[in-house]
Amino acid sequence: SLTAISNLRRGSDGNLTAYYQFLINRLVSNLSYSEHNNLTGGPYDWRLGLNSLNRTTYFTELQGYIQSLYSTNNNTKVVIIAHSLGNKLAHSFLVSQEPKWKSTFIAGYIAISPPWIGSVDAVEALISGINLGDGEIDSARMAPAERTFESTYLLLPDPKHYT
C-alpha cells in the first residue's frame, strides 16, 4: 500500500508531510501507474539493522512480492525506488539475489538520498537524540531509544569520508 510511504513523517507544524506524495502523483498522472496494480510500497521496520531484517522473512517476502508484481503486470520487470536508509536495505537485498533472478525481475533501481557514506544525524541521535521531525517529542527523550536502534549504528559516518 502507498499509505505507508506517502506521508512518512511529521513536519514542524505537527502535520504529516506528503513525503513521497509528489513522486506518487507524478508516476500516476504522467506515466499511468496505479496503486496496487503496478505502484506499491515495501515498508519495513527502519529501527532494525540489515542482519536482523535478513534473519526475518522480510527479504523472502520482498522477493515474492516483486515476483508477484512482475507476474500480474504481464511479466514486466520491476523498478525499485528507495529513500535514505531504504537504499542500504535495497542494496543488501539486491546483492543477496542470484544474477538470473535480478535479470529476470528487476528493470532498475533508483536511489533517493542514499546514506552510502553515513550521516552525521546518526551521531546527533546517539549523543542528544533526534525527534525525527515530530515537534511533540523532546529530542533528549528520544536518545535512549535511538541508542537501541540497530539502524542508528548502520548510519554512522564512514571514517574514510569524514575527516
In the single-linkage hydrophobic clustering (I, L, V, M, F, W, Y; side-chain heavy atoms under 4.5 Å), do Ile117 and Leu156 co-cluster? no
Ignoring hydrogens and angles, tell me if any N or O in the side chain of Thr148 forms a donor-acceptor pair with the backbone of Ala145 under 3.5 Å.
yes
Sorted by chain and residue number, the side-chain hydrogen bond (donor to acceptor under 3.5 Å, both in side chains) partners of Trp101 (sequence neighbours excluded) come out as Gln67
_side-chain contact (heavy atoms from CB on, under 4.5 Å) for Ile80 and Tyr109? Distances and angles first, verdict last._
CA-CA 5 Å; Ile80 295 172; Tyr109 164 52; 4.0 Å; yes
Shortest non-hydrogen pair, Thr152 vs Ala122, comes out as O-CB, 3.5 Å
| query | So, does Arg147 use its side chain to make a donor-acceptor pair with the main chain of Ile127 at under 3.5 Å? | reply | yes
Quiz item: Judged by atom type as modelled, is there a donor-acceptor pair below 3.5 Å linking the side chain of Ser92 to the main-chain atoms of Leu89?
Solution: no
Value for CG (Asn38) from CG (Asn73), rounded to nearest 0.5 Å, stands at 5.0 Å
Are Tyr153 and Val120 connected into the same hydrophobic cluster when the rule is that any two of I, L, V, M, F, W, Y join if their side-chain heavy atoms are below 4.5 Å apart?
no
Correct closest heavy-atom pair for Lys102 and Gln97 would be CE-O, 3.4 Å
Examine Leu48 and Phe93 and state if one hydrophobic cluster contains both, with Ile, Leu, Val, Met, Phe, Trp and Tyr joined whenever side-chain heavy atoms are less than 4.5 Å apart.
-> yes
Looking at Asn87 and Ser84, would you say the former's side chain and the latter's main chain have a donor-acceptor pair under 3.5 Å? yes
Practice prompt. Could you please spell out the steps behind the side-chain contact (heavy atoms from CB on, under 4.5 Å) verdict for Tyr44 and Leu85?
Written response: CA-CA 11 Å; Tyr44 64 97; Leu85 179 62; 3.7 Å; yes
OG (Ser68) and CZ (Phe105) are apart, to the nearest 0.5 Å, by 10.5 Å
What one should report as the nearest heavy-atom pair of Pro115 and Lys88 is O-CE, 3.2 Å
When rounded to the nearest 0.5 Å, the distance separating NE2 of His91 from OG of Ser96 is 10.5 Å
Worksheet item: Given side chains that start at C-beta, do those of Leu155 and Asp121 come closer than 4.5 Å, heavy atoms only?
Response: no
Check: Trp46 main-chain N/O paired with Ser151 side-chain donor or acceptor under 3.5 Å:
yes
In this structure, CD1 of Ile81 is separated from CG of Leu23 (nearest 0.5 Å) by 5.0 Å
Nearest heavy-atom approach of Leu69 to Thr40 is CD1-CG2, 3.8 Å
Evaluate the side-chain proximity of Tyr70 to Asn75: yes if any heavy-atom separation is below 4.5 Å, no if none is.
yes
Check your understanding: Counting only heavy atoms not in Tyr33, do more than 12 fall under 6.0 Å of its OH?
Key -> no
Lys77 and Ser103 have their tightest heavy-atom pair at NZ-O, 2.6 Å
Open item on the list: Is there a continuous path of hydrophobic side-chain contacts, each under 4.5 Å between heavy atoms, that joins Leu126 to Phe149?
Closed with: no
On a heavy-atom basis, the closest approach of Thr72 and Asn37 is OG1-O, 4.3 Å
CG (Leu39) and CD1 (Ile24) are apart, to the nearest 0.5 Å, by 6.0 Å
Same cluster for Leu50 and Val95 if Ile/Leu/Val/Met/Phe/Trp/Tyr side chains link at under 4.5 Å? no
Quiz item: Are any side-chain N or O atoms of Asp45 and backbone N or O atoms of Arg47, one a donor and one an acceptor, separated by less than 3.5 Å?
Solution: yes
